[in-house]
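What follows is one structure encoded as structure tokens, with my remarks underneath.
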Amino acid sequence: MPELPEVQTTLAGISPYLVGQKIKGVTVRVPKLRWPIPHNLAALLKDATIASIARRAKYLLFSTQKGTLIVHLGMSGRLQILKAFVPTEKHDHVDITLKNGTVMRYTDPRRFGAFLWTVNHPLSHPLLKALGPEPLQKSFNGQYLWQRATSKKISVKVFIMDSKVVVGVGNIYAAESLFDAKINPNRPAQSLSLDDCARLCVSIKKVLRAAIKKGGTTLKDFLGSDGSKGYFSLKLKVYGRGNLPCVTCFEALTESRLGQRSTAYCQHCQV
DNA sequence: AGTGCGGCCTGTCCGC
DNA sequence: TGCGGACAGGCCGCAC
């Protein structure tokens, strides 16, 4: 499931093949994603040149002179670059074909992803305008997090997964970051000290950077944008390891649910 | 305003 | 072997 590191990896994987290229045509086979793909997307993109591709949170922004294509990979979405003909399979919903013959193919079994179009500045789009800071930028720091946590009764795990607080921290990385910072995920956000918040910020940045470096944590749904099998070996310390021994103290990890999400942590190490 | 949760989907795994 | 149900998950949007 693409989290921020996977989206970043996808961006890096597809950019060299797409930026500066002119679009020959777009085929939409299944328009029913999280929201319907605009019915005229093919007409909008035909003959457009992809000037640049950027990432904001988990959204990919394809800029053209006509407007911006906003893509979200949802839970199971994947973008691949095809340099030769490959027959479509069941969940291949969109092809964007370039004049040079290269195809960017979107595959998404669960169809939680999105293809949207805007002629305005993409960051002013309703889905993007209220987003919190990027986790890797300097303004995301202990002071900021501590201020935002004031009077917040929700658990710190749910808090850091709120995209209005900080973007790109999904369930896996929230659990891993809290373990790294030695903070119990059940603690109310407002109970965190400034020092806790500073440690947590450092841990979030550390965990995300490590994952980006490894090319993203790769679960079964993800393939690299070049189509190669991408089982990267990022070792998760708590996520999915309920009842297994803590890597630090060897006590059994606790697994519970927080905000309808499975949460694993060490009751001994995380205070 | 802050919080909690339903819904969107399909593949996989479990128990009967 | 087949089948129903639980579960996984990002994130919007609604209800309290």
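Keep in mind that what you see is a predicted model, and the values were worked out from it rather than measured. Here is how names work: the chains are called A, B, and so on, in the same order as the sequence lines, proteins then strands, and each is numbered from 1.
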Ion pair check, A/R241 and A/E255, cut-off under 4.0 Å: no
First encountered from the 5' end of DNA chain B, between A/V158 and A/D108: A/V158
Length of the CD1-P vector between A/I172 and C/dC11, whole Å: 12 Å
Distance test, side-chain N/O of A/K58 to OP1/OP2 of C/dC11, below 4.0 Å: yes
Residue pair A/L253 / A/P245: nearest heavy atoms and the distance that separates them: CG-C, 4.4 Å
Gap between atoms CE and P, on A/M161 and C/dG10 respectively (whole Å): 5 Å
Phosphate-side-chain proximity, A/Y59 and C/dC12, N/O vs OP1/OP2 below 4.0 Å: yes
Given B/dT10, C/dC12, C/dG10, the nucleotide with the shortest approach to the side chain of A/E3: C/dG10
Sugar-phosphate only, base, or nothing, as touched by A/F159 at under 4.0 Å among non-hydrogen atoms: nothing
Pair A/R199 + A/D180: basic N to acidic O under 4.0 Å: no
Distance in angstrom units between A/R111 CZ and C/dC11 C1', rounded: 18 Å
Selected nucleotide, minimal atom distance to A/K153 side chain, candidates B/dC9, B/dT3, B/dG11: B/dT3
C/dG10 base / A/R261 side chain donor-acceptor hit below 3.5 Å: yes
Under 4.0 angstrom between A/H91 side-chain N/O and B/dC9 OP1 or OP2: no
Minimum-distance nucleotide (side-chain atoms of A/K152 versus B/dT10, B/dT3, B/dC8): B/dT3
Verdict with reasoning, A/Y106 to A/F115, per ring pair (Phe, Tyr, Trp, His ring centres under 6.0 Å): CA-CA 10 Å; A/Y106 176 72; A/F115 269 62; 4.9 Å; yes
A/F112 ring over B/dC8 six-membered base ring, under 5.5 Å and 30°: yes
Nearest-neighbour nucleotide for the A/R110 side chain, C/dG13, C/dG10, C/dA8 considered: C/dA8
OP1 or OP2 of B/dG2 under 4.0 Å from side-chain N/O of A/R148: no
Side-chain donor/acceptor contact of A/R34 with base of C/dC11 under 3.5 Å: yes
Sugar-phosphate, base or nothing in reach of A/K90, heavy atoms under 4.0 Å: sugar-phosphate
Watson-Crick or G-U wobble partner of C/dT1, both distances under 3.5 Å: none
A/L18 side, atom CG; A/T49 side, atom OG1 - distance, nearest 0.5 Å: 12.0 Å
